[in-house]
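Chain naming here is simple, since letters A, B, ... match the order of the sequence lines and numbering starts at 1 in each.
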2 protein chains.
Amino acid sequence: MNDHSYIEATPTVLKTKRPDTRNEVRREALRLFAERGYAAVSMRDIGEAVGVRQGAIYNHFASKQDLLADLMTGHMETLIEALDEALDGLDGPVARLAAFVRFHVGYHIDKPDDVFIAYMELRSLEPDHRQRVHALRNRYEAVLRGILTDGATQGAFRIPDIAVQTRAIIAMMTGVTVWYREGGRLGRRETIEGYVQMTMQSVGINDPAGGDK
Amino acid sequence: MNDHSYIEATPTVLKTKRPDTRNEVRREALRLFAERGYAAVSMRDIGEAVGVRQGAIYNHFASKQDLLADLMTGHMETLIEALDEALDGLDGPVARLAAFVRFHVGYHIDKPDDVFIAYMELRSLEPDHRQRVHALRNRYEAVLRGILTDGATQGAFRIPDIAVQTRAIIAMMTGVTVWYREGGRLGRRETIEGYVQMTMQSVGINDPAGGDK
DNA sequence: TCAATATATGAATGGTCGTTCATTCATGAC
DNA sequence: GTCATGAATGAACGACCATTCATATATTGA
């Protein structure tokens, strides 16, 4: 349930070799794009990281642009699907908001490169692909906006402006990728619960329990 | 006081012509880097935007890398200086936190390209320059961390983890650049006060006045 | 076993990149 | 009027870019 990924893991022992170049390209391109930016990474760089010549990449992706679009739409679809799963069956704005935060922060801790690229490289996408990714992002935001609207309507939340607070909460949570490191001072669970409390307080809830854990 | 800028404005009528190419290059490079990213902008692009051939840029900046470093350090120094000014004479964590938010959000509304580049293009800087900019950013963050520490010590704030909350607040506020547009639904002042309230609530303060305005 | 298919190579394509440089031009000081 | 200075030009440089392609090699299904 915690293992959302559109890039299949390469089996370590299974069935002997057969290198899955397509997914290796995805993995290395993702890493390099996140590290240096789309424009600063060449097909040679990707090929070198994978262990093939640049020409071989074109057996799996039509172009560099196509590769980027594959990564971004793949990520966004996986993200939204996983969100639906995480909120499934939950009722009430307080519980749903806490679940949203736990999901979002957890996902961003686990897949920082994916989310960074989806945010940063929108500008590198050609219009068609960009519009598609943009629509997916709006769908994601709309879920949080819906939760905040419910909570504000019911009087559970104290919110100056729902649209602004939606983006403020997302920006706050997404920022976890800037500093979180595995093995750092704060563990995954502590970090997530910290964001839950901050978010709850930001909508005016000071319950020490921070919603139901 | 609201007009912090390390890129001198080109006078519109004063003293007749004499085009200040150096500052025109700064201005256009800043715009283009923010729009497309450092790696995706060529010296030819910048020259064209300014109205000179690419070679002329080298009369004013030693290299493309030097131009980026000039923009980033120029911005960071102006930012820190302006922050010091904004907090000058203010006492108490509540008042200082409100002033910090007003300053940060206001600055980010006014100079979105500067702050976006300073955040995004750190990776495009060679080690020396990067370290320098990084140190300036830490100094900036340290001011907010100090305010939160004071407030937590005095019992005015309710904060799960000061280091995390420092970054969470900065990320939340910085996100204003993603959506704010002049002439949009929310004006500059409303936007700023919205962030003040959200920030105050995020540290556990629910005073409807949102600190002293 | 053999043909079909998928994948990799290495060289080449035309373009664009950052940077350099000899030269020209305009300005202002003396 | 002369000259030094700062700034712009246009052409050139070697390097690297994304992409293509003929060819070679491996894997698969029948």
Are any of [X]'s side-chain N or O atoms less than 4.0 Å away from OP1 or OP2 of [N]?
| X | N | value |
| --- | --- | --- |
| A/His60 | C/dA8 | yes |
| B/Arg53 | D/dG10 | yes |
| A/Ser42 | D/dC17 | yes |

In B/Met173, B/Met172, B/Met198, B/Met200, the residue satisfying side chain to side chain contact (heavy atoms under 4.5 Å, CB included) with B/Val101 is B/Met173
Knowing that exactly one of B/Asp20, B/Thr21, B/Val25 qualifies, which makes a side chain to side chain contact (heavy atoms under 4.5 Å, CB included) with B/Asn23? B/Asp20
Nearest-nucleotide 5' precedence on DNA chain C, A/Ala56 against B/Val41: A/Ala56
Between [atom2] of [N] and [atom1] of [X], the distance in whole Å:
| X | N | atom1 | atom2 | result |
| --- | --- | --- | --- | --- |
| B/Met43 | C/dT20 | CE | C1' | 12 Å |
| B/Gln54 | C/dT19 | CD | P | 11 Å |
| A/Asn59 | D/dC21 | CG | C1' | 11 Å |
| B/Tyr38 | C/dC17 | OH | P | 13 Å |
| B/Tyr58 | D/dA7 | OH | P | 17 Å |
| B/Asp20 | C/dT27 | CG | P | 16 Å |
| B/Glu48 | D/dT9 | CD | P | 12 Å |
| A/Ile57 | C/dA6 | CD1 | C1' | 17 Å |

Nucleotide nearest B/Ser63 when distance is taken to its side chain, options C/dT19, D/dA8, C/dT7: C/dT19
Please compare A/Gly55 and B/Arg44 by the position of their nearest nucleotide in DNA chain D and report the one closer to 5'. B/Arg44
Parallel, tilted or perpendicular: which one describes the rings of A/His104 and A/Phe100, with boundaries at 30° and 60°? parallel
Where does the angle between the aromatic ring planes of B/Tyr38 and B/Phe33 fall among parallel (under 30°), tilted (30 to 60°) and perpendicular (over 60°)? perpendicular
Using only heavy-atom distances, determine whether the side chains of A/Gln197 and A/Glu193 contain a donor-acceptor pair under 3.5 Å. no
